[in-house]
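The next block holds one structure in the form of structure tokens; read it before the comments.
Everything quoted here is computed from the prediction, not taken from an experiment.
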Amino acid sequence: MSSPADRPLARQRRRTRATRARILDAALRELGRNPDSSLGDIAEAAGVARRTLYTHFAGRAALVRGLTEDAVRAIGHAMADVSALDAGSGSGRGPGSDSGLGAGSGCREGAGSGPGPASGRAADSDPASALARFVLTLWPVGDAYRTLIGLAPQDLGPDHLSELLAPARERVAGILAEGQRRGVFHAVVPPGPLSAAVEAHLLALLGTVNAGVWADDGSGAATSALIAAGVDSATATATVRGLHTPGPLPAARRHH
């Protein structure tokens with residue numbers, strides 16, 4: 001139990017975390033609207049003084065790095081959700097389906113909820129369902145952080161986005177390897193390169209969402225990923241329909 005002397009410090013820490021979260025939310029919103037938004041624009045949108053923003057982030061690169069760290073935690077949280085769903089349905093137990101691949105839990109609580117795998121519904125234990133479930137659960141996170149697709153290479157270097165997506169890529173490669181072994185996915189290219197191709201395909205789709213060209217709740221992306229992996233369109237559509245509960249994309253919530 002905390003002493004009375006500790007309470008002001010605890011309140012200050014809560015205020016600091018809340019201010020940091022508000023700045024990051026404003027940054028994601030403003031940079032999504034205009035990638036050239038200044039730190040002054042972001043501070044104004046967050047309702048803080050510019051010097052307060054600099055207290056938390058030394059500059060634009062530090063701010064984008066903060067968003068990226070947030071996204072890493074959100075991806076880890078969503079991947080843990082996928083592992084739990086796979087364990088509950090008995091699917092996705094091939095190579096790469098170990099829950100230990102998750103990057104931890106934390107930020108963006110509920111980012112893997114909303115439209116996605118229907119709860120309480122046992123899916124077929126096949127790699128196509130595992131891949132569709134993975135895309136459906138990760139899509140809201142990708143949608144929330146799609147601004148980083150352009151910002152991370154520009155502000156943090158060309159390899160940073162690849163590092164951010166490495167755990168998800170490893171998981172998908174495991175699903176694809178199992179699917180190729182079972183004859184569910186085509187084996188024209190090995191699992192690693194095929195995973196990179198599916199990733200590039202999904203990032204391109206997120207880019208069209210970011211540009212306002214397309215809107216998707218995850219079902220179109222999941223169906224397209226299955227087709228790219230070699231599943232026929234009718235089976236891909238039926239697989240996603242069997243897993244997906246349609247609805248509006250949820251607003252990802254930050255949890256520090």
Side-chain angles (χ1 to χ4, degrees), residues 21-47 60-61 63-75 77-78 107-117 131-132 134-158 160-162 164-165 168-169 172 196-228 233 236-237 240-241 243-254:
R22 194 162 69 249
I23 292 169
L24 287 172
D25 283 335
L28 199 59
R29 185 172 61 252
E30 292 301 304
L31 291 171
R33 181 184 59 81
N34 177 13
D36 295 323
S37 293
S38 68
L39 295 182
D41 295 332
I42 293 168
E44 182 179 356
R60 179 185 169 100
L63 184 60
V64 175
R65 190 174 296 109
L67 289 172
T68 303
E69 291 167 356
D70 221 5
V72 168
R73 288 190 290 269
I75 289 171
H77 186 81
C107 184
R108 296 280 176 182
E109 181 181 19
S113 60
L131 180 58
F134 186 88
V135 175
L136 287 169
T137 307
L138 269 291
W139 184 261
V141 178
D143 183 72
Y145 288 100
R146 62 181 185 268
T147 299
L148 287 175
I149 295 172
L151 294 178
Q154 170 186 325
D155 291 281
L156 302 177
H160 204 81
L161 186 63
S162 180
L164 168 66
L165 297 172
R169 183 182 302 133
V172 171
V198 171
E199 173 192 309
H201 180 68
L202 292 171
L203 288 175
L205 291 179
L206 278 172
T208 66
V209 173
N210 207 32
V213 176
W214 188 54
D216 186 43
D217 60 3
S219 58
T223 303
S224 183
L226 289 178
I227 293 171
S233 60
T237 300
V240 173
R241 186 179 295 124
L243 291 170
H244 191 49
T245 302
L249 281 171
R253 297 179 301 227
R254 194 181 301 278

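- The two residues A26 and I42 make their nearest non-hydrogen contact at CB-O, 3.9 Å.
- Across all their heavy atoms, W139 and D217 have their closest contact at CD1-C, 3.8 Å.
- Counting only heavy atoms from C-beta outward, the side chains of V135 and V198 never approach each other to under 4.5 Å.
- Counting heavy atoms from C-beta on, the side chains of H201 and I227 never come closer than 4.5 Å.
- Checked by atom type and distance alone, the side chain of D216 pairs as donor or acceptor with a backbone atom of A221 at under 3.5 Å.
- Rounding to the nearest 0.5 angstrom, the gap separating the CG atom in D155 from the CZ atom in R65 is 9.5 Å.
- Judged as a salt bridge (Lys or Arg N to Asp or Glu O under 4.0 Å), not a single pair has a partner in residues 202-214 (not counting sequence neighbours).
- Rounding to the nearest 0.5 angstrom, the gap separating the CZ atom in R146 from the CG atom in L205 is 12.5 Å.
- Across every non-hydrogen atom of I149 and G207, the tightest pair is CD1-N, 4.4 Å.
- Interatomic distance, L203 CG to L148 CG, rounded to the nearest 0.5 Å: 11.0 Å.
- The side-chain heavy atoms of L165 and E199, taken from C-beta on, include a pair separated by under 4.5 Å.
- Between the side chain of S37 and the backbone N or O of E30 there is at least one donor-acceptor pair closer than 3.5 Å.
- Side-chain atoms of L24 and E69, non-hydrogen and from C-beta on, never get closer than 4.5 Å to each other.
- The minimum heavy-atom distance between A27 and L67, with the atom names listed, is CB-CD1, 4.2 Å.
- The existence of a salt bridge linking D25 and R22 is excluded, since no basic side-chain nitrogen approaches an acidic carboxylate oxygen closer than 4.0 Å.
- A distance of 12.5 Å separates CD1 of I75 from NE2 of H77, quoted to the nearest 0.5 Å.
- Distance CG/L156 to OG1/T68: 5.0 Å, rounded to 0.5 Å.
- Closest approach of A225 and L202 over heavy atoms only: CB-CD2, 4.3 Å.
- Between A46 and I23, the shortest heavy-atom distance links the atoms CB-CA, 3.9 Å.
- For the atom pair S38 OG and E44 CD, the distance stands at 8.5 Å (nearest 0.5 Å).
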